[in-house]
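Beneath this line is the structure, given in structure tokens, with notes to follow.
Reminder, nothing fancy here: chain letters follow the sequence lines and each chain counts from 1.
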Amino acid sequence: MSIQVTLPDGSVRNFPQGTTAMDVARSISEGLARNVLAAKVNGEVRDADRPLPGDCTLQLLTWNDAEGKATLWHSSAHLMAEAIEALYPGTKFGIGPPIEHGFYYDIDLGDRSIGEGDFAGIEAKMKELAARKSTYQRREVPKAEAIAYFKEKGDEYKLELIEGLEDGNISFYTQGGFTDLCRGPHIPDTSFIKAVKVMSVAGAYWRGDEKRKQLTRLYAITFPKQKELDEYLTLQEEARKRDHRKLGKELDLFTFSEKVGSGLPLWLPKGTALRERLIDFMKRAQERDGYQQVATPHIGGKQLYVTSGHWEKYGKDSFRPISTPQEGEEFLLKPMNCPHHCEIFASRPRSYKDLPVRLAEFGTVYRYEQSGELHGLTRVRGFTQDDAHLFCRADQVKEEFMKVIDLVLLVFKALELHDYEAQISLRDQEDRSKYIGSDENWTKAEQAIIDAAAEKGLKTVVEHGEAAFYGPKLDFMVKDALGRRWQLGTIQVDYNLPERFELEYVGADNHRHRPVMIHRAPFGSLERFVAVLIEHTAGRFPLWLTPEQAIVLPISDKFLDRAQQVAGDLKDSDIRAAVDERSEKIGRKIRDAELAKFPFMLILGEKEAAEGTVSVREQGRGDLGTMSVQVFADLVNERVRQQLGGL
RNA sequence: GCCUUUGUAGCUCAGGGGUAGAGCACUUCCUUGGUAAGGAAGAGGUCACGGGUUCAAUUCCCGUCAAAGGCUCCA
């Protein structure tokens, strides 16, 4: 008897019964076999050394596969547990899953505690244990035996986990002297784990429930090669250097004040100028696309949010209403702009000929975020959205989506975000009852989004069940210069608000119809967007956006007048330029200008003053040679034009 | 909101129950120089805020506020 194994390239091979994935790997090449961490059998990730169940499709997983990494990290969590048990006998264990970067284990140390000073010891023990090349032995265990084992060990967390499992579906894995309740799968043996780093320690509630005991969560990461760990740590270091909170302070973009309140950013002059430039850019693009700017107040009557449904859903977790002294009328700080825009749409009768109506506003909104959630500019309590609402007919959804996609891509191009994909969030196919809006409209809108994304050639991922209750959406996921993923730019269809605000237009048939509403925000929140930009560019913003594009550096005070003149000429050519007026040596001025990230340095001495030229130096690149002020201005303006995509 | 840690000059940080420290930045003076740090002097602090212990608190204790990491949450 033999079994048929189908490999990812479509080839089919025959193997005897009892063949393992590892055997298959060996039959292909020894090199592959040495790198196999786990196997995907008929779509399920399993131990590479388990016999294949019969005819199957087989994918051998290595470090290059996300699932291979996850398997190594999961096995590493067991290894860390083994090390901790050796170093801190009596420790009880919660769960230890792999995460995006590494893994953690939640442990109960009793009266002891672990601090950063203990990390080195744990790492050393893990490496020592890993070098023993212990295999991960799987064993199916009856529930009673599993309970007996952890009762004996006194580990109430594992016992609780076993409670929730079905008899016959419980397995243990043992490596070295450590046995853990685990579904698996695991890597063949511990020697694959070559580099180990315990990253941090934090508190975490057992099962995420704040009423239950707080355990110690130990985060760590491992790699099959020391070099990869080094690279990872270097990247972490780079991320710390680019932290927008640090750079925002260094570049004088924004600040916070205890007196103003946490989560309420104060934009400094340079940061404001940058913001305004982003806003101008978006306004020009929106005008081109037929949007109309509107302006609405920062507060709205409570009834507005009762109508929209937000009061019921978020009222109790929000900033409390403010009220008038005489009448006790209640108002809410606006947490979103859409209800105001709905009222603008409803302010007069609309004909199908008027649609789409596109209302845009850089609206500042206020949301109560829990204090522990606030984080620099990425999570704040007051922020400005580049918000707009498109009121259109169902048959216009696709075209509007395509236009918005173009707008988002324009933004990405201007801001040098080149790596992105779109996530389309659709209904849960199993349960359509939790969504508002007709089945017909949903089907139409979902198809419109899918078609629009396809026609624009977007790389897309479709997620079923991720849609909001009020409509499907398309979100853009952007990878920054360090490979981190951010969600930026969102386009959402909404059937709920037109319903609740009873929005209508008169159709060609002379009957009243309900418009479809599309929310969209290419930047999302300006605050968050600027934060991402800072980290993506490390503070070296695109030329069109940067606070100051050039700084004139006179060789000595003798050329100060000429330097001011040059700066004035540049200003006349719409170039933002500063002058370093200090009586410092040129080396010092260059160094400081480089560190302050001025894109261009214009060095001006006797020769240049006589010729009417400047010696141009580009930040991070060095000397570009001598040119006239006009040539330099043209160079800058041409670059800006290119970056803005002709807008 | 909860847990842990932190809060000393504009910034980065040292210190410690008895007159508050460094480097950078800043001010003044000297220097006027050609592609990543010239020199000297000076100014700058309610040691986050409020209470307590003590002869004495920036230091020890409690509380508040803020920040960092994590948990939970996110229109």
Could you list the donor-acceptor pairs under 3.5 angstrom formed between side-chain atoms of residues 600-614 of chain A and any protein atom two or more places apart in sequence or on another chain?
{"unit_1": "A/E608", "atom_1": "OE1", "unit_2": "A/G605", "atom_2": "N", "d": "2.9"}
{"unit_1": "A/E611", "atom_1": "OE1", "unit_2": "A/T613", "atom_2": "OG1", "d": "3.3"}

Interatomic distance at [atom1], [N] relative to [M], whole Å:
N      : M      : atom1 : value
B/rG1  : B/rA57 : P     : 32 Å
B/rG44 : B/rU8  : C1'   : 14 Å
B/rG70 : B/rG38 : P     : 40 Å
B/rG50 : B/rG7  : C1'   : 15 Å
B/rU6  : B/rA37 : P     : 38 Å
B/rA22 : B/rG63 : C1'   : 33 Å
B/rU19 : B/rU46 : C1'   : 16 Å
B/rA20 : B/rU59 : P     : 14 Å

Side-chain donor/acceptor of A/R207 to base of B/rC71, under 3.5 Å | no

Report, as a single string ordered 5' to 3', how protein heavy atoms within less than 4.0 Å touch nucleotides 28-36 of chain B: B base, S sugar-phosphate only, - not at all.
-> ---BBBBBB

Run the salt-bridge test on A/E238 and A/K241 with the 4.0 Å N-O cut-off and return the result as yes or no.
->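 Between A/K241 and A/E238 there is a salt bridge, with a charged N closer than 4.0 Å to a carboxylate O.
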
Classify the angle between the aromatic ring planes of A/F345 and A/F391 as parallel (below 30°), tilted (30 to 60°) or perpendicular (above 60°).
-> parallel

Look at the rings of A/F523 and A/F529 and say which category their plane angle falls in: under 30° parallel, 30 to 60° tilted, over 60° perpendicular.
->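 The arrangement is tilted - the two ring planes meet at 30° to 60°.
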
Does A/Y314 stack onto the base of B/rA75, taking stacking as ring centres under 5.5 Å apart and planes under 30° apart?
->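 Here A/Y314 meets both the 5.5 Å and the 30° conditions.
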
In short, A/K589 meets A/P554 closest at the heavy-atom pair NZ-O, 2.8 Å

What parts of residues 301-312 of chain A reach RNA chain B, counting only heavy atoms under 4.0 Å away?
-> A/H310

Whole-Å distance separating the [atom1] atom of [X] from the [atom2] atom of [N]:
X      : N      : atom1 : atom2 : answer
A/L218 : B/rC71 : CG    : P     : 14 Å
A/Q370 : B/rA66 : CD    : C1'   : 17 Å
A/E466 : B/rA75 : CD    : C1'   : 16 Å
A/L247 : B/rU12 : CG    : P     : 12 Å
A/D387 : B/rA75 : CG    : C1'   : 11 Å
A/F319 : B/rC74 : CZ    : P     : 17 Å
A/R381 : B/rC65 : CZ    : P     : 11 Å
A/K246 : B/rC24 : NZ    : C1'   : 13 Å

Within a strict 4.5 Å, meaning less than it, do heavy atoms of the [X] and [Y] side chains meet?
X      : Y      : answer
A/P522 : A/M282 : yes
A/V404 : A/L390 : yes
A/L304 : A/F331 : no

Under-3.5 Å N/O pairs linking protein and nucleotides 68-70 of chain B:
{"unit_1": "B/rA68", "atom_1": "OP1", "unit_2": "A/R245", "atom_2": "NH1", "d": "2.8"}
{"unit_1": "B/rG69", "atom_1": "OP1", "unit_2": "A/R245", "atom_2": "NH2", "d": "3.2"}
{"unit_1": "B/rG69", "atom_1": "OP2", "unit_2": "A/R245", "atom_2": "NH1", "d": "3.4"}
{"unit_1": "B/rG69", "atom_1": "OP2", "unit_2": "A/H375", "atom_2": "ND1", "d": "3.3"}
{"unit_1": "B/rG70", "atom_1": "O3'", "unit_2": "A/Y219", "atom_2": "OH", "d": "2.6"}
{"unit_1": "B/rG70", "atom_1": "O2'", "unit_2": "A/G203", "atom_2": "O", "d": "3.2"}

Which residues pass the side chain to side chain contact (heavy atoms under 4.5 Å, CB included) test with A/T378, sequence neighbours left out?
->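 Only A/H244, A/H375, A/W486, A/R528, A/A531 meet the side chain to side chain contact (heavy atoms under 4.5 Å, CB included) criterion with A/T378.
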
Are more than 12 heavy atoms from other residues, nucleotides or ligands located less than 6.0 Å from atom [atom1] of [X]?
X      : atom1 : result
A/R240 : CZ    : yes
A/E237 : CD    : yes
A/D243 : CG    : yes

Map A/K249 and A/G261 onto RNA chain B by nearest heavy atom, then report which one ends up closer to the 5' terminus.
->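 The residue closer to the strand's 5' end, by nearest nucleotide, is A/K249.
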
Measure from the side-chain N and O atoms of A/D252 to the backbone N and O of A/K270, and report whether any donor-acceptor pair falls under 3.5 Å.
-> no

So what is the 5' to 3' dot-bracket string for RNA chain B, if pairs are Watson-Crick or G-U wobble with both distances under 3.5 Å, crossing pairs use [ ] and | means the partner sits on another strand?
-> (((((((..((((....[..)))).(((((.......))))).....(((((..]....))))))))))))....

Could you tell me if the ring centre of A/Y232 sits under 6.0 Å from that of A/F223?
->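 Ring centroids of A/Y232 and A/F223 are less than 6.0 Å from each other.
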
Of A/H519, A/H341, A/H310, which meets side-chain contact (heavy atoms from CB on, under 4.5 Å) against A/M336?
-> A/H310

Quick one: which of B/rG1, B/rA75, B/rC65 gets closest to the side chain of A/E258?
->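 Nucleotide nearest to A/E258's side chain: B/rC65.
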
